[in-house]
Amino acid sequence: MSQKNHEGKRSARERLQEQREKEKARARRGRQAIVAGAVVVVLAVGSGIAVWMSSSSGGGSSSDNETARPKQASGGDKPAIPVGAADAPSTLTVWEDFRCPACQQFETGFRPVIHELEDSGQLKNEYHLVTIIDGNSGGKGSLNAANAALCAQDAGRFRDYHDVLYANQPPEPQDKFADKQYLLQLAGKVKGLVTPAFTKCVNDGKYDAFVRKSNDAFANSGYRGTPTVLLNGKDLAKEKGGRSTPADLKKMVLDANKGKQPGSKSASPAGSASPGKSASPGKSGAPGSGAAPDKSASPQGMRTGGSASPSS
């Protein structure tokens, strides 16, 4: 083979490799575009993928009598963490994974309006924590972060620490949340959270079984990706053509609450933060940290649910 032909074939291989890399990058950008902008809850993900990953996320499920439960958490088949006044007239149910980029986009974009509605007694949240990315990409970051958040629930600081985790979420391939020392370091951003009891809870994985049980519930729920967000039982992926902004959510809540009394502060569960006293999420310039609560995070809209994709 002539040197010229050899170089030509090598160049062709290089071009092919470059094209493949470009296609991979384009696919990644496409997935990122799904979660860019003001939030839209769309969960059209391949059937069965999320269930498979949930089932392979490590560890078995536990029955109620052997599962430690955080303070004020609900048990049963769908364990959850409550945030907001228990007697608030509307309920937002959120299934999410701390390693999930789409969940981070949702939480960042919707945080101001959700906090406003919680603090005014209009809305209570039920958080179901799952470990899809652990099953998808391997590792224990989803599990360890969820356990740490449940340890924060015991200290009455779930909401603050929950927001800090999302504000400091590492890139999906980097399982940084698997490092419990890093989780403890982030807890230092929440005033008064780091105590010997909290540290032991994190290091011992006290609520790992609770998280696995929540993950099993997701696997059996029929939902296909995270975040899955329901308002008063209605899947927001099916509302407004699957494109709901923070302003839309606020309007839906207020419309649903017309003629109803807001919840009382005295009925707030331990996971709630006092109005105006939430800890800073810990990432300067994080979107939504100072945004008006009834405005979108960006004009384009954000799709969610990408965490169920094996290559997300």
Open item on the list: Less than 4.0 angstrom from a charged side-chain N to a carboxylate O is my criterion; do Arg99 and Asp175 meet it?
Closed with: yes
TODO: Would you confirm whether Ser120, through its side chain, and Leu117, through its main-chain N or O, come within 3.5 Å as a donor-acceptor pair?
DONE: yes
Open item on the list: Testing the basics here: between Leu249 and Phe110, what is the closest heavy-atom pair and its distance to 0.1 Å?
Closed with: CD2-CD2, 3.5 Å
Task: Distance (rounded to the nearest 0.5 Å) between Gln105 CD and Gln169 CD - done: 8.5 Å
Task: Residue of the set Asp160, Val194, Leu165, Val164 for which side-chain contact (heavy atoms from CB on, under 4.5 Å) holds with Lys189 - done: Val164
- [ ] Start with the C-alpha gap between Ile133 and Phe98, add the side-chain angles, then the distance that decides, and say whether side-chain contact (heavy atoms from CB on, under 4.5 Å) holds.
- [x] CA-CA 9 Å; Ile133 303 299; Phe98 283 112; over 6 Å; no
- [ ] Could you tell me whether the side chain of Arg159 reaches within less than 4.5 Å of the side chain of Glu118, counting heavy atoms only?
- [x] yes
Open item on the list: Using every non-hydrogen atom in the two residues, find where Val211 and Thr131 come nearest and quote the distance to one decimal.
Closed with: CG1-CG2, 3.7 Å
Task: From Met252 atom CE to Lys234 atom NZ, the distance as rounded to the nearest 0.5 Å - done: 9.5 Å
TODO: Indicate yes or no for a side-chain donor-acceptor contact from Gln122 to the backbone of Pro262 under 3.5 Å, with no hydrogens or angles considered.
DONE: no
Task: Side-chain heavy-atom pair Asn215, Leu143 within 4.5 angstrom cut-off - done: no
- [ ] Specify whether Tyr223 and Trp95 have parallel, tilted or perpendicular ring planes, treating 30° as the upper limit for parallel and 60° as the lower limit for perpendicular.
- [x] tilted
Task: All side chain to side chain contact (heavy atoms under 4.5 Å, CB included) counterparts of Glu126, not counting sequence neighbours - done: Ala80, Thr91, Thr93, His128
Task: Spatial distance of atom CD (Glu172) from atom CG (Asn136) [nearest 0.5 Å] - done: 6.0 Å
Task: Check: Thr226 main-chain N/O paired with Asp97 side-chain donor or acceptor under 3.5 Å - done: no
Open item on the list: Parallel, tilted or perpendicular, judged at 30° and 60°: which one describes the rings of Phe158 and His162?
Closed with: tilted
Task: Side-chain heavy-atom pair Ser264, Asp87 within 4.5 angstrom cut-off - done: yes
TODO: Look only at the side chain of Lys78 and the backbone of Ala217, and say whether a donor-acceptor pair between them is shorter than 3.5 Å.
DONE: no
TODO: Indicate the atoms forming the closest heavy-atom contact of Gly121 with Pro89, along with that distance.
DONE: O-CD, 3.3 Å
Task: Reported CG-to-OG distance for the pair Asn232 and Ser90, which is rounded to 0.5 angstrom - done: 4.0 Å
TODO: Locate the shortest heavy-atom distance separating Cys103 from Glu96; write the atom from each residue and the value.
DONE: SG-CB, 3.6 Å
TODO: Assess whether side-chain contact (heavy atoms from CB on, under 4.5 Å) is satisfied between Leu123 and Leu231, documenting all intermediate values.
DONE: CA-CA 9 Å; Leu123 183 72; Leu231 176 61; 4.1 Å; yes
Open item on the list: When you measure from the side chain of Ser221 to the backbone of Phe218, do you find a donor-acceptor pair of N or O atoms at a distance under 3.5 Å?
Closed with: yes
Open item on the list: Whether the side chain of Glu107 engages the backbone of Asp163 through a donor-acceptor N/O pair (distance < 3.5 Å, no angle test) should be reported.
Closed with: no
Task: Any Phe177 side-chain heavy atom under 4.5 Å of Asp134 side chain - done: no
Open item on the list: Looking at every non-hydrogen atom in both residues, tell me the closest pair between Gln153 and Pro70 and how far apart they are.
Closed with: CG-CB, 3.9 Å
Task: Donor-acceptor contact present, side-chain Asn147 to main-chain Asn144, <3.5 Å - done: no
- [ ] Please name the pair of heavy atoms, one in Ile81 and one in Ala73, separated by the smallest distance, quoted to 0.1 Å.
- [x] CD1-CB, 3.6 Å
Task: Gap separating the OG atom of Ser74 from the OH atom of Tyr127, nearest 0.5 angstrom - done: 14.0 Å
Task: Beyond-backbone contact of Lys251 with Leu254, side-chain heavy atoms, under 4.5 angstrom - done: no
- [ ] Any chance you could lay out the side-chain contact (heavy atoms from CB on, under 4.5 Å) test for Arg111 and Ile114, step after step, and finish with the verdict?
- [x] CA-CA 5 Å; Arg111 180 188 301 139; Ile114 290 176; 5.9 Å; no
Task: Heavy-atom donor-acceptor pair, Ser214 side chain to Leu129 backbone, under 3.5 Å - done: yes
Open item on the list: Taking side-chain hydrogen bond (donor to acceptor under 3.5 Å, both in side chains) as the cut-off, I'd like each qualifying pair that reaches into residues 201-210, sequence neighbours left out, listed once.
Closed with: Asp154-Tyr207, Lys200-Asp204
TODO: Spell out, as yes or no, whether a donor-acceptor pair under 3.5 Å connects the side chain of Asn125 to the backbone of Val83.
DONE: no
Open item on the list: Using modelled atom types and a 3.5 Å cut-off, is there a donor and acceptor pairing between side-chain atoms of Asn220 and backbone atoms of Asp216?
Closed with: yes
